[in-house]
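Take a look at the structure below.
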Amino acid sequence: MRNKLVRISAFGLAALAFSGEAADATGKLDLKIGESAEILLDGNPSTGYHWRLDPDRSDGLAFVKVEILGYRAPSEAKPGLVGAPAPFTVQVTCRNSGMAHLEFAYVSPAGAVSDKTAREAVTCR
């Protein structure tokens, strides 16, 4: 099983239209059945905000398994540095042949959805 790593700079994507394909060039994955990829979304763990899959704005979820892995420690930050940005990791694994369109929302600690979104188109072969 091979793992791929994709970084999506999600801030500023909220204004882009979701038209059945990913809104930016880095938001497309082409995987084989059983193959996984990690999607890294920009975030800041000290704010309490996190990324969440929005199932109502996503489709093709039967073709993929989506696992929210959470924040990774930022490699360039000094230990104990408060307010440092870090990548938020989501793992996607293809289950069946088909196409999935995933939309992620940036959510506050209280559960309020911000205007920041990230999109990923996944083709499973």
Euclidean distance, Glu35 CD relative to Asp30 CG, rounded to 0.5 Å: 8.5 Å
Phe104/Trp51 aromatic ring centres below 6.0 Å: no
Least distance between heavy atoms, Cys124 atom then Asn96 atom: CB-O, 3.1 Å
Side chain to side chain, Pro55 and Leu61, heavy atoms closer than 4.5 Å: yes
Minimum heavy-atom distance Leu53-Glu103, with the two atoms named: CD1-O, 3.5 Å
Minimum heavy-atom distance between Leu31 and Cys94, given as atom pair plus value: CB-SG, 3.5 Å
Reported CG-to-CG distance for the pair Leu69 and Leu40, which is rounded to 0.5 angstrom: 10.0 Å
Distance-minimising heavy-atom pair for Ser108 and His50: O-CE1, 3.9 Å
Worked verdict on Leu102 versus Val90 for side chain to side chain contact (heavy atoms under 4.5 Å, CB included): CA-CA 11 Å; Leu102 309 176; Val90 177; over 6 Å; no
Rounded distance (nearest 0.5 Å) linking atom NE2 of His101 with atom NZ of Lys28: 9.0 Å
Approximate separation, where rounding is to 0.5 Å, of Thr89 OG1 and Tyr71 OH: 10.0 Å
Minimum-distance pair of heavy atoms, taken over all atoms of Pro85 and Asn44: N-ND2, 4.1 Å
Same apolar cluster: Val113 and Leu41, side chain cutoff 4.5 Å: no
Intermediate values then yes/no, side chain to side chain contact (heavy atoms under 4.5 Å, CB included), Phe63 and Met99: CA-CA 7 Å; Phe63 301 116; Met99 185 114 184; 5.7 Å; no
Joint cluster assignment, Ile39 & Val107, ILVMFWY side-chain distance < 4.5 Å: no
Criterion side chain to side chain contact (heavy atoms under 4.5 Å, CB included) on Leu29 and Glu120, from CA distance to verdict: CA-CA 7 Å; Leu29 286 172; Glu120 186 75 22; 2.9 Å; yes
Nearest atoms (heavy-atom pairs only) where Ala84 meets Pro45: O-CD, 3.7 Å
Criterion side chain to side chain contact (heavy atoms under 4.5 Å, CB included) on Phe88 and Ile68, from CA distance to verdict: CA-CA 9 Å; Phe88 189 89; Ile68 303 295; 3.4 Å; yes
Reported CZ-to-OG1 distance for the pair Arg125 and Thr123, which is rounded to 0.5 angstrom: 5.0 Å
